Structure formats: structure tokens, C-alpha cells
There are 2 protein chains.
Amino acid sequence: MHNAELDSIDLAILAALQRDARLPNKDLAERLGVAPSTALERVRALRRRGIITGFRASVDVAKLGRPLQALLALRVRPHTSQLVDPLRSFVLSLPETITLFHVAGAEDFLVHVAVADAEHLHRLCLERFLVRPEIVHLQTTLIFKSEDQPVQRPSEM
Amino acid sequence: MHNAELDSIDLAILAALQRDARLPNKDLAERLGVAPSTALERVRALRRRGIITGFRASVDVAKLGRPLQALLALRVRPHTSQLVDPLRSFVLSLPETITLFHVAGAEDFLVHVAVADAEHLHRLCLERFLVRPEIVHLQTTLIFKSEDQPVQRPSEM
DNA sequence: GATGAAAGGCAGTGAAA
DNA sequence: TTTCACTGCCTTTCATC
């Protein structure tokens with residue numbers, strides 16, 4: 001499964017494009033010390049191999065009026081795919097959802113959400129989640145801050 | 001703080017560029033039904049306003065040899081900035097770290113990590129986290145699957 | 001703020017090493 | 001697999017509305 005034959009040029013491409021996906025190919029090539037056509041082909045190969053899965057604009061949810069983030073831990077009973085799959089789709093269809101984690105342990109899902117304020121969070125829990133009978137438990141954890149990091153090295157650490 | 005005066009064109013730009021940050025400006029303009037120069041200026045304005053924070057390549061960590069993901073819940077005592085700030089920097093410097101959540105509640109941090117295998121996870125917990133005296137508790141939750149979602153609407157829901 | 005024309009520059013192709 | 005050279009098209013600017 002790991003297609004991890006990456007040389008230092010590939011790693012440099014991943015680092016550069018994780019920082020700026022719109023870096024012009026000419027500039028990228030210059031940084032790598034290779035010809036532009038080489039850089040172009042390397043990037044395409046990384047996409048073909050599924051190592052680069054896409055290029056996405058990052059949006060500041062706080063600036064869009066949702067400055068409050070939380071993690072909702074859901075326990076679902078019975079935990080059958082008949083109930084779990086529709087719940088997954090439902091959670092992903094909510095505009096408040098940023099990430100859905102399907103986890104092992106006492107809880108079954110963790111939902112990272114962004115909301116306008118505490119009142120909005122309260123309504124979300126009561127009117128969207130707890131109205132569903134398969135959700136037998138919900139625990140809310142407020143997020144003070146979340147910080148992302150680029151993916152760094154291939155495997156061995 | 002919320003700069004959220006976004007018309008339907010801005011929202012369409014956010015939707016399009018979250019799906020594909022490299023969508024050619026010409027194509028973007030065509031979708032929006034405006035001139036290329038207009039689309040260009042709108043995107044630049046969204047960046048200036050801090051609504052678009054950047055353009056990033058998405059990388060498949062599993063393909064880089066780290067197919068196993070987990071959430072590590074850390075309790076830190078005493079919870080003073082003198083201890084917390086260096087810990088934050090440390091966690092963000094680990095190549096295994098994807099996201100660091102600073103949270104309210106029984107735990108103080110949640111760390112989303114990607115590792116090669118269970119053995120690697122075990123070593124990470126014992127040799128990187130639990131060796132630090134300020135970490136008084138660590139709970140590991142395996143992630144079966146995580147699904148991201150683009151940011152959708154501005155505020156009211 | 002949005003438009004359209006004009007100009008410069010870049011992406012992307014194909015042949016060769 | 002990388003490089004070089006070339007063509008076409010896109011990005012970007014600016015004057016205008």
C-alpha cells in the first residue's frame with residue numbers, strides 16, 4: 001500500500017506545495033534545481049500515485065462567522081452499519097461539520113464542528129444530534145485553539 | 001471580527017477553490033458568470049480579507065507509510081503557560097503530528113497523529129510523550145476513518 | 001466594483017540526449 | 001528521466017464604464 005519511493009526532490013515538492021499549492025511551476029523548479037518540465041512531471045506523478053490528493057483553498061471559518069469550535073463525542077447504539085452509515089452522511093451534510101472521526105473506544109464518533117456561539121452549539125446538540133434516537137450519548141469539548149501541521153517525512157522516525 | 005460580507009459570487013469562489021485551488025482563473029470566471037479580471041480581483045480580495053488563508057496541497061499520509069491514525073488525549077499538570085507553550089512547540093515539531101487541539105475539559109490537549117503501525121504508536125507514546133514529567137495522563141483513541149468537509153455557508157444556520 | 005483589450009509570461013508539448 | 005525550445009493560451013494590468 002505505501003508507494004513510498006520518494007527521493008529528496010519529491011519531498012521538497014510536497015513541502016513546497018503544502019505551503020503554497022499555487023506556487024508557479026517555474027518557481028518550484030528553480031527551488032528544486034531542476035528544469036520546469038521535470039518539476040511539472042514530478043508533480044503530475046505525485047498526483048497519479050495518489051500521494052498528492054488535491055489542491056485546496058484554506059478558509060478561515062471564524063471570519064465566516066463561526067469563531068467557536070468544539071469536538072462532539074457521540075456514542076451510537078446499536079452500532080450497526082444500518083444505523084451508522086446514514087448517521088455518517090447526516091453529520092457530513094451539516095454545515096457546522098469540519099471533520100468526522102470514526103473512532104475505536106467508548107465513543108464511536110468525534111465530530112469537529114465550528115459554530116457562531118454557545119447558543120448555536122447548544123441548538124446543534126439538542127436539535128440536530130440528540131433528537132436522533134441512535135445517539136445515546138453526547139459529550140461536548142470546547143476547542144480553545146487548533147493548529148495544523150504539514151505532513152513532513154515519509155515513514156521512519 | 002467577522003468580515004462576513006460575502007455575496008453569492010464570493011461563496012461560489014470559496015466552494016470552487018476549496019474543491020480545487022488550482023482551478024484556472026478563466027474557468028472560475030466562466031462558472032461565476034463574470035470576467036476573468038473580476039474573478040481575479042475577488043479572489044485577491046478574499047485573501048486580503050483573510051477569508052482565504054492559503055492554498056495547500058493535500059497529502060495522503062497513508063501513502064507516505066503512516067496508515068494508522070490516532071488521537072492522543074493529554075493531561076498536563078500544572079497547566080501553566082510556562083509548561084504548556086514548550087509542550088505545544090514540541091508536539092507541533094513531531095513529524096507524526098497532524099493537528100494539535102488545545103481543549104477545555106478533563107484533558108488539556110488532543111493530538112491527531114499518523115503513524116506507521118501499532119508499534120510506532122506505542123513508541124511515540126512511551127518515548128516522546130510519557131517521558132515528559134508535565135504529562136500526567138495520556139489516553140489513546142484509534143481512528144478508523146476521518147473525513148473532512150469543505151466549509152459551507154457563512155453563519156446563520 | 002466590473003469590464004475588455006493588450007502584453008508579458010507561463011504551462012505544456014515534443015524531440016533529443 | 002531530464003532537458004531544451006517553441007507555441008498557444010492564460011494571467012494580469014490598466015484605462016474605461
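As a basis for the values below, the full set of heavy atoms in this structure was taken, side chains included, without hydrogen atoms, waters or symmetry mates. Each chain gets a letter, A, B and so on, in the order the sequences are listed, and its residues count up from 1. Nothing here was measured: the structure is a model prediction, and the numbers come from that model.
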Item checked: Check ion pair A/Arg88-B/Glu147 (N to O, under 4.0 angstrom) -> yes
Item checked: Contact check, side chains of B/Phe129 and B/Leu124, non-hydrogen atoms, under 4.5 Å -> yes
Note to self: Using a 3.5 Å distance criterion without hydrogens, assess whether the side chain of A/Thr97 forms a donor-acceptor pair with backbone atoms of A/Val91.
What the structure shows: yes
Notebook entry, point to check: Contacts to DNA chain C from residues 19-26 of chain A, heavy-atom cutoff under 4.0 Å, which residues?
Noted result: A/Pro24, A/Asn25, A/Lys26
Next item on the list: State, without any angle test, whether A/Thr53 and B/Asp60 hold a side-chain donor-acceptor pair at a distance under 3.5 Å.
Entry: no
Next item on the list: Round to the nearest Å and state the distance from B/Ile9 atom CD1 to C/dG1 atom P.
Entry: 13 Å
Check: Does any N or O donor sit under 3.5 Å from an N or O acceptor when you compare the side chain of A/Ser37 with the base of D/dC4?
Finding: yes
Note to self: Checking B/Glu134 against B/His79: is there a side-chain donor and acceptor pair closer than 3.5 Å?
What the structure shows: no
Next item on the list: For a side chain to side chain contact (heavy atoms under 4.5 Å, CB included) with B/Leu14, tell me which candidate from B/Val151, B/Leu46, B/Ile9 qualifies.
Entry: B/Leu46
Write out a two-atom table: protein N or O, nucleotide N or O from nucleotides 15-17 of chain C, distance below 3.5 Å.
none

Item checked: Carboxylate-amine/guanidinium proximity below 4.0 Å for A/Arg77 and A/Asp108 -> yes
Next item on the list: Write down the distance between CD (B/Glu30) and P (D/dT11), rounded to a whole number of angstrom.
Entry: 11 Å
Notebook entry, point to check: Near DNA chain D, under 4.0 Å by heavy atom, which residues of residues 38-48 of chain B?
Noted result: B/Leu40, B/Arg44
Notebook entry, point to check: Hey, is A/Asp7 close enough to A/Arg42 for a salt bridge, meaning N to O under 4.0 Å?
Noted result: yes
Check: Does the cation-pi check pass for A/Arg132 over A/Phe90, that is, NZ or CZ under 6.0 Å from the six-membered ring centre and within 45° of its axis?
Finding: yes
Margin query: I need the minimum non-hydrogen distance between A/Leu126 and A/Val131, along with the two atoms involved.
Written below: O-CG1, 3.2 Å
Next item on the list: Whole angstrom is fine here: how far is it from CG in B/Leu32 over to P in C/dG1?
Entry: 17 Å
Next item on the list: Round to a whole Å and report the spacing from CG of A/Asp7 to P of D/dT1.
Entry: 11 Å
Notebook entry, point to check: Are any of the side-chain nitrogens in B/Glu119 or B/Arg123 under 4.0 Å away from the carboxylate oxygens of its partner?
Noted result: yes
